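To start, the structure under review is shown below, and the notes come after it.
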Number of protein chains: 2
Amino acid sequence: MKTVTATPEGRPGLRERKKRRTHDALLRAALELFTTKGYEATTVDEIAEAVDVSQRTFFRYFAGKEEAALAVQDIAQDYFAEAVRDRPPHEAPLEAMRNAVLEGWDDITEAVEQVVPVDLYLRSYRMVESTPALLAAHLRRSDETAEAIARIIAEREGVDVDADPRPRVTVALFSGVIRVTERLWALGEDLTMDAMRDLMAAHLDAVRPSLAEKWRTG
Amino acid sequence: MKTVTATPEGRPGLRERKKRRTHDALLRAALELFTTKGYEATTVDEIAEAVDVSQRTFFRYFAGKEEAALAVQDIAQDYFAEAVRDRPPHEAPLEAMRNAVLEGWDDITEAVEQVVPVDLYLRSYRMVESTPALLAAHLRRSDETAEAIARIIAEREGVDVDADPRPRVTVALFSGVIRVTERLWALGEDLTMDAMRDLMAAHLDAVRPSLAEKWRTG
DNA sequence: TGTCAACTGTCAGCGGCTGTCATTAGCCTC
DNA sequence: GAGGCTAATGACAGCCGCTGACAGTTGACA
């Protein structure tokens, strides 16, 4: 017989809910502190204290400061990779990536919002750009995502990733456009989701004519 | 009157020479240890001890482990940026970058050789690829170099880097090709300078037809 | 040769991160 | 609904990267 704490429907149960609460609280506290007093200037002890847990517990939820700072970006990136995989097979590589970003924009925003307020996310996004250690970590994660997407594209097009450089190069071009957009957005004044989306769309459109041909073998 | 230790011609003087010796010795010892027992597994104390200096002295020559591990790559990247600046102005952006790499290859190799043996450099290059923390730092430095080159290209072409995304996007494409080459080279079996050069040339040639047009305004 | 500045070693200390072990608290069964 | 199981936490000790401060040493130059 079920206990009172767990509801009949697949409701997570108290333990799980508590874990998630702690996780989200730590995340929010971390980003809040990072964005106000700076990443390097805030210690893990401060974050832990803000949530009233031990420092050790922080490290049980996050591998380190870095992971906490970039956790939300990870959500967005993973979502994007999945979105590319779900694109209809007739779309050319750059087209598929472009559509995955632009059409999935609202879903990504929503997915983020379920963990932290969008405003906090955007502030943290900007902070990454101006914190060398974080920018490095961010670029490495982006590189990983790029590799994953290159494999997806290669599969879609039926080519071998290691033998044919085109999937990786195409994704690199796309990543480059995203990177340029990130940089300009962070430097700009309109720090909103819409502004980022518009910049993204504009840059992608600017590149489209140059390299849009399909290269499927069939 | 000059002392005996400093020769009339601009010879550096004992102090400078000693400094350079210590610097190079630390660098070589660090790379040697990193490549044999792994980056994270070697402590700064071990490096310092291998050269018979205090740990504090190591940090006076290098900002941290990371900088020691990537010092040689930095030499190569700085050299490359200069080479692009020195390209004749009639060359199109991608052409200029391509030629800077391929024609400057031997000079870069030589510049590296003056500090550490090429073999050690190549082994360390491969290590970067398999060490997350180092790969992150490497990508950030590459991103910085890319930004610098984008500005050089923009100046060559007479456009505004922040208003026109094409310089940064073009450089991003080029950087992407280099990144793909790095990855494949590190995964391959022929770990030599020549092998890397050939791979680089092959990949650059494969991209050339796609996006080689000039877009100078004049 | 003596003065000055640069280079170095030593020591103390902070912060990120990990292993270990005892304690607490959700969960499940009888 | 009491007791046993296990996951989650806290407390403590310790390593390592890195920094500031101060004193000692050594090359440079008059």
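Lettering of chains follows the sequences in order, A, B, ..., and the numbering in each one begins at 1. This one's a predicted model, so the numbers in the text were calculated from it and none came from an experiment.
Listed in residue order, the members of residues 20-53 of chain B having a heavy atom less than 4.0 Å from DNA chain D are B/T42, B/T43, B/V44. Residues of residues 55-69 of chain A that place a heavy atom closer than 4.0 Å to DNA chain D, in numerical order, are A/R56, A/T57, A/R60, A/Y61.
Under the 3.5 Å distance criterion, with hydrogens and angles disregarded, a donor-acceptor pair is assigned to the side chains of A/S142 and A/Q77. Side chain to side chain, A/T192 and A/D194 fail the donor-acceptor criterion of an N or O pair below 3.5 Å. No hydrogens or angles considered: a donor-acceptor pair under 3.5 Å links the side chains of A/E182 and A/H138.
Side-chain nitrogen and oxygen atoms of A/K18 include at least one within less than 4.0 Å of the OP1 or OP2 phosphate oxygen of C/dG26.
A side-chain donor-acceptor contact under 3.5 Å links B/K65 to the backbone of B/T42. A/R156 places a side-chain N or O within donor-acceptor distance of the main-chain N or O of A/R87, the cut-off being under 3.5 Å.
With a 6.0 Å radius and a threshold of 12 heavy atoms from other residues, nucleotides or ligands, A/D52 has its CG atom at or below the threshold.
When the P atom of D/dA7 is taken as reference, atom CZ of A/R15 falls 8 Å away, rounded to whole Å. Rounded to an integer number of Å, the gap from NZ of A/K19 to P of C/dA25 is 17 Å.
Ring geometry, B/F174 versus B/F80: the interplanar angle falls under 30°, so the pair is classed parallel (tilted spans 30 to 60°).
Checked for salt-bridge contact, B/E155 and B/R151 miss the test: no charged N lies under 4.0 Å from a carboxylate O.
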